[in-house]
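Scroll down for the structure; my scribbles are underneath it.
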Amino acid sequence: MTEARIARVALPGPLDELFDYLPGAMGQPEPGTRVLVPFGRSRRVGILVEYAAECGCDPSRLKSVERALDPRPLFAPADLTLIRWAARYYRHPLGDALFTALPARLRESGPLLASGVAGIRLTAAGAALTPAELARAPRQQALLARLLESPEGLAQRNLEEELGGITSALRALRAKGLVESCRLEPGAVASADSSAVLAAPELNPEQAAALAAVSEALGGFRPFLLDGITGSGKTEVYIRAIAEVVAAGGQALVMVPEIGLTPQLRERFRTRLPGPLAVLHSALAAGERERAWHQAASGEAPVVLGTRSAVFVPLPRLALIVVDEEHDPSLKQQEGFRYSARDLAVRRAQLVGCPVVLGTATPALETLHNVIAGRYHRLALPRRAGGARPPTINLLDIRNQPLRAGLSPVLRERMHAALATGGQVLLLLNRRGYAPVLTCHSCGWVGVCPDCDARMTLHLGERRLWCHHCGRIESVPRDCPQCGGPDLRMLGRGTERLEEGLTELFPGVRIARIDRDSTRRKGELTRLLAAVHRGEVQILLGTQMLAKGHDFPGVTLAGVIDLDHALYASDFRAPERTAQLIVQVAGRAGRAERAGEVVLQTRHPEHPLLQSLLREGYGGFARAALAEREAAQLPPFTYLALLRAEAPEQEAALAFLAAARAHAEPLCSSEVELLGPVPAPLSRRAGRHRAQLLVQCAQRPALQHFLAHWTPTLRALRRIKGVRWSLDVDPQEMV
Ligand SMILES: [Zn+2]
Ligand SMILES: [Zn+2]
C-alpha cells in the first residue's frame with residue numbers, strides 16, 4: 001500500500017467520471033462508504049468507489065475528503081461490482097447508478113438508521129430488581145423475568161412472539177426506567193420456528209423435479225427458466241427452494257413486476273417462510289423502504305421481495321434469486337437509469353455464484369432464445385396443480401355481427417350460460433376510460449391533446465378528457481369547440497363504458513371493474529379481489545391488470561373483447577405481448593375442478609399469430625415468432641440501442657441526432673448499423689417533439705464496444721437549446 005492513496009469518489013448527476021480526493025482526516029474507510037466532499041463552492045455527498053495509487057494530475061492540487069458519513073460501507077464489494085457493471089453496460093453515469101440503488105434519505109448526508117435489530121434490555125435499575133417485586137403486574141413480571149435471563153437484550157420481535165402482546169407492559173416498564181431500547185446484531189435474533197410454516201401441499205412429479213434441479217444447483221451459478229403454465233404451482237417451487245436456502249443460513253431475493261398487484265403472493269410468503277420478510281417497492285413510504293433496505297442489507301431478513309430496484313439491494317448471504325413473471329416489460333426501467341432487472345438478476349447470480357430462477361407461463365422470446373442456445377436450463381411444469389384441466393380457447397369472428405356493448409351475440413349467450421351455472425365471467429378490455437375518442441358529428445372535430453400527438457380519452461365518471469400520454473386533463477365541452485354544434489359523439493369503448501353496457505345487458509348481476517382508475521385508492525384493489533374471491537362478484541372486467549398474477553378460481557369463462565387493436569400495432573414486440581396477454585388471461589379461467597373457456601373476439605380470425613397460438617399454444621407461437629424475428633434480424637438475434645431526443649422543435653431534436661450520427665459513423669465497425677434519425681412513433685408528447693436514432697448490431701460485444709466510444713462523444717456534443725436526450729440499451733419500448 002502506497003503512502004499517498006487517492007480516494008476516487010462517484011457523485012450523483014450526469015457526470016460519468018470519478019473524482020479524485022485526498023483521504024484527508026477520514027482515515028481509510030472501505031469502498032462503498034458515503035463521504036462528504038468539497039465540490040466547486042459547495043459540498044456534496046459521494047460514494048467512495050476505490051483507492052488509486054496515483055492520479056493523473058498533481059496530487060498537491062487535490063482537495064481532501066471532509067469526512068466519511070457511515071461507520072461501515074453501504075455497499076459490499078460484490079454490490080459495487082454489480083452496479084459498476086450495470087452502469088457500464090447501460091451507459092449510465094456511475095454516480096447516478098449508485099445513488100439510484102440507495103433509499104432516498106441516504107442520498108443526502110443523513111445518518112444511517114441505527115443498525116441492527118430493534119431490541120429491549122434492562123437498565124441498571126431493572127437488573128437490580130427481582131421478578132417477585134412486580135407480582136402485581138404479571139405481564140411486566142414475565143417480561144422482567146425473560147430479560148433477566150438475557151442481559152445483552154432481546155429482539156422486540158422475539159419477545160412478542162414468545163410472550164404475546166407486550167406493548168403496554170413495555171410502556172409501563174419504560175416509564176419506571178427499568179428497560180431501554182437497544183440495537184442487536186442480526187445474528188442475535190432467533191429466527192422464526194420453521195415448524196410454524198404452514199403445512200405444505202404435496203408436489204407433483206414435475207414440481208418435485210424442478211425443485212430438485214434448483215436445490216442441486218445451490219452454491220453455484222445456474223440460470224433456470226421455470227416454464228410453468230398458469231396454475232401449475234410455480235410459487236410452491238419458489239417457496240420450497242427458498243425455505244431450503246434460508247434453512248442453510250442464506251438469503252433469497254424474489255423480484256416481481258408490480259408488488260401492489262400481488263397481495264396474494266406476499267401473503268403466501270409471509271405465512272410460509274420464516275421472517276421477517278423485507279418488502280421493497282416504490283409505493284412504500286421513505287422510512288418503511290429504508291427499514292426494509294436495512295433488514296436486507298444487515299442480513300436480518302432472510303427473504304426479500306421487491307420490484308425491479310430490489311436487484312441492487314445489498315444481500316450479504318445471497319444464495320438464490322427468483323424473478324417471477326420474467327416476461328413482464330415493467331421489469332425494465334423506462335427512464336433515468338434504464339436497466340433490465342431480469343437481465344441484471346442473471347448477471348448478479350453469476351457474480352455471486354448462485355442459481356437464478358426465471359418463472360413465467362409465457363417466457364420472453366429473449367429467454368427462450370437463451371434456452372435454445374443452451375445458456376439457460378428449462379424446467380417445465382406442463383400440468384395444472386390439483387389436476388384442473390386447461391381452458392379451451394375459441395376464436396369468435398365478429399365481422400358483421402350485431403355488437404351490444406362491444407359483445408357479440410355468441411359471447412353474450414356464453415356469458416349467460418356461465419352465470420347460470422354459478423361461474424364467474426372475466427372480460428378483458430385493454431383500454432381504460434369511457435371512450436378513446438370524442439368527436440363532432442357535424443364538422444368532424446376530434447378531441448386531441450394540444451401537447452401530444454394523441455387523442456384525449458373521455459372519462460365520463462370524472463367528466464373530463466384525459467391524455468394518457470402526458471396526463472393533461474380538460475373538462476368535457478358541452479358543444480363542439482370548432483363549430484359550436486351540439487352533436488358530440490363518443491367513439492370506441494373503454495372499460496368504463498363496457499361496465500355501463502354490462503349493467504344494462506345483465507341487470508341485477510354484480511359487476512366489478514379493475515383498472516388503474518378504479519384501483520387508485522389505496523387498498524381498493526385488495527378489496528375488489530377479496531370480493532371476487534368471496535363470490536360476491538359475478539362479472540369481472542378490466543385491463544391487463546387482470547392478467548398479472550391473480551388467481552380467480554371461480555372464473556369459468558374469460559373473454560377478450562378487442563384483440564385487433566394489438567394485432568396491428570407498430571412495435572415489433574406487439575405480437576409477443578398480445579400472445580402473452582391472451583395466455584395469461586386464459587390461465588385465469590377454470591382453475592379449480594371446472595374446465596374454463598376462453599373466447600377471443602376478432603375481425604381477423606385467419607391471423608397467423610392467432611392460428612399458431614390456437615393450434616400449438618404459447619410454445620408453438622413462440623417458435624413461429626422467433627423464426628420471424630430471425631428472418632427480420634430483430635432481437636434476440638440482434639442487439640439494439642436507442643438514442644432518443646426531444647425538444648420544443650422537431651428540427652432541434654433531429655439536428656441533435658444528426659450530429660450524434662455524424663460522430664457515430666467513423667466509430668462503426670461493419671457490424672454496427674445506424675437507422676435514423678426519424679421522428680418517434682409518438683412524435684409529440686407533453687408539448688415536446690420526439691425523435692430517435694436506432695443502433696443495431698449482430699453481436700453484443702461489438703455493440704458494447706461501439707457504445708463505449710460513442711457515449712462520451714454524445715456527452716461532449718455542442719448543446720442544442722432545449723434538447724434532452726437519453727440512451728436506452730436493449731430497449732423494450734420503441735415509442
Ligand atoms: Zn363541430
Ligand atoms: Zn398529452
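Whatever order the structure lists ligands and atoms in, that order sets their numbers, starting from 1.
Metal site remark for the Zn ion (ligand 2): H468 contributes no N, O or S atom at a distance under 2.8 Å. Put simply, C440 gets within reach of the Zn ion (ligand 1), with an N, O or S atom under 2.8 Å from it. Taking backbone and side-chain atoms together, H469 has no N/O/S atom less than 2.8 Å away from the Zn ion (ligand 2).
Counting only distance, with no hydrogens or angles, the side chain of R715 and the backbone of T713 share no donor-acceptor pair below 3.5 Å.
Rounding to 10 degrees gives 110° for the angle at the Zn ion (ligand 2) between SG of C467 and SG of C452. When SG of C483 and SG of C480 are joined through the Zn ion (ligand 1), the resulting angle is 110° to the nearest 10°.
Ion pair E524/R520 not flagged as a salt bridge, since none of the NZ, NE, NH1 or NH2 atoms sits closer than 4.0 Å to an Asp/Glu carboxylate oxygen.
With no hydrogens or angles considered, no side-chain donor-acceptor pair links Y90 and D728 at under 3.5 Å.
In this structure, the ring of H92 has its center less than 6.0 angstrom from the ring center of F337.
Between H468 and W466, the ring planes lie perpendicular to each other; the angle is over 60°, past the 30° to 60° tilted range.
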